[in-house]
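Following: one structure in structure tokens, then a few remarks.
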Amino acid sequence: MATAQTSVLLEAMSGRAGQAIFVHGKRGTVVRNKPRAKINQDPKSRQARANAKTAAATWQTLDAAENAAWQAYAQTVERQNQLTGQTYTLTAYHAFMALATKVLQIAQGLNQTPNIPRTPPTTTLTPERQTFTLATTSGHLTITTTDPNTSDHSTEILLQPLANSHRKPIESRYRNAAFATFGKSESAVTIPLPAGTYALAHRIVKPTTGQQSPLTTLATITIP
């Protein structure tokens with residue numbers, strides 16, 4: 001960082017020029033290097049970027065009929081702007097990417113071979129209701145249920161670290177912790193976790209299409 005000697009030109013200068021950023025402060029006009037974006041390098045972030053690359057490559061191979069199907073499907077998918085409250089529909093590309101990357105994520109979580117669908121789903125997802133029993137031990141959370149998934153559904157478990165048990169979770173900050181197909185290969189799933197307080201949620205997903213239900217919050221837990 002350097003302080004520039006003021007002049008008529010510099011006093012009127014602000015913003016960015018190439019790799020330099022001009023900031024006005026008490027010390028005058030300060031010249032800083034443009035900050036570099038920090039890319040998260042944890043394994044799940046790297047996998048998410050790889051999944052997006054794979055899905056985008058698949059999108060490029062769709063034929064005209066498949067593309068038209070996604071164009072029509074996208075017009076039925078509504079989202080809400082969290083700032084304005086206004087609803088909008090997705091583009092065909094973003095509708096495809098949302099489901100394709102979810103298919104890849106689910107397959108990896110269940111140790112299955114992924115198969116990205118080239119056409120959109122034709123039915124809506126009807127989630128089943130599940131009741132869970134939670135057990136915490138040192139460094140682990142075990143989730144058990146006697147409510148099996150239906151033949152083409154699985155369950156996604158999501159967690160959100162909290163500063164303490166009095167904090168309320170924020171829906172957009174839940175992150176995937178595990179996938180499980182209850183009642184087929186397992187009735188319980190154990191998740192290793194560092195000591196701390198977590199908000200727990202789940203949703204139903206369809207591995208073949210990438211569809212998912214809204215989040216259902218479960219509980220706030222403390223791992224000793």
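Numbers here are sequence positions counted from 1.
- By the 4.5 Å heavy-atom criterion applied to side chains, V189 and F182 are counted as neighbours.
- Counting all heavy atoms, side chain and backbone alike, A95 lies closest to A74 at CB-CB, 4.0 Å.
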For residues 216-224, which side-chain donor-acceptor pairs fall under 3.5 Å, sequence neighbours excluded?
none

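- Residues that satisfy the salt bridge (charged side-chain N to carboxylate O under 4.0 Å, His left out) test with R203, not counting sequence neighbours, are E156.
- In this structure, F96 belongs to a hydrophobic cluster whose other members, linked by side-chain heavy atoms under 4.5 Å apart, are W59, L62, W70, Y73, V77, Y88, L90, Y93, M97, L99, L104, I116.
- With contacts defined as side-chain heavy-atom distances shorter than 4.5 Å, the pair L141/L200 qualifies.
- By the side chain to side chain donor-acceptor pair (under 3.5 Å) test, S213 is found to be paired with no residue, residues two or more places apart in sequence or in another chain being considered.
- Expressed to the nearest 0.5 Å, how far CG of L193 lies from NE2 of H140 amounts to 8.5 Å.
- L215 shares a hydrophobic cluster with L158, Y174; the chain of contacts runs through ILVMFWY side chains whose heavy atoms sit under 4.5 Å apart.
- Residues T190 and P192 come closest through the heavy atom pair O-CD, 3.9 Å.
- For the atom pair CD of Q212 and NZ of K206, the computed distance is 13.5 Å after rounding to the nearest 0.5 Å.
- The main-chain N or O of T54 is found under 3.5 Å from a side-chain atom of T58 such that the two form a donor-acceptor pair.
- Closest heavy-atom contact between T101 and A98: OG1-O, 3.3 Å.
- Remark: K44 engages N176 in a side chain to side chain donor-acceptor pair (under 3.5 Å) (not counting sequence neighbours).
- Between the CD1 atom of I191 and the CD1 atom of I143 there is a distance of 4.0 Å, given to the nearest 0.5 Å.
- Residues T144 and A188 come closest through the heavy atom pair OG1-CB, 3.6 Å.
- Here the CG-OG distance, from L110 to S154, works out to 4.5 Å after rounding to the nearest 0.5 Å.
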Inset, instruction - Mind running side chain to side chain contact (heavy atoms under 4.5 Å, CB included) on E128 and D147 for me, showing each step along the way? - result: CA-CA 9 Å; E128 58 265 23; D147 301 321; over 6 Å; no
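- For CD of E171, the number of neighbouring non-hydrogen atoms (other residues, nucleotides, ligands) closer than 6.0 Å is 12 at most.
- Under the ring-ring contact (aromatic ring centres under 6.0 Å, His included) criterion, no residue pair touches residues 101-126, with sequence neighbours excluded.
- At a cut-off of 3.5 Å, with distance as the only test, a side-chain donor of N149 or T155 sits close to an acceptor on the other residue.
- For T209, the side chain to side chain donor-acceptor pair (under 3.5 Å) partners are Q211, not counting sequence neighbours.
- Listed by first then second residue, pairs satisfying salt bridge (Lys or Arg N to Asp or Glu O under 4.0 Å) with a partner in residues 187-202 number zero, not counting sequence neighbours.
- Closest approach of S172 and R175 over heavy atoms only: O-NH1, 2.9 Å.
- For residues 104-120, the set of pairs meeting the side chain to side chain donor-acceptor pair (under 3.5 Å) definition, not counting sequence neighbours, comprises N51-Q108, T61-R118, E66-R118, K102-Q105.
- Under the 4.5 angstrom side-chain criterion for Ile, Leu, Val, Met, Phe, Trp and Tyr, the cluster partners of I204 are L125.
- Among residues two or more places apart in sequence or in another chain, the side chain to side chain donor-acceptor pair (under 3.5 Å) test is passed with H94 by T91.
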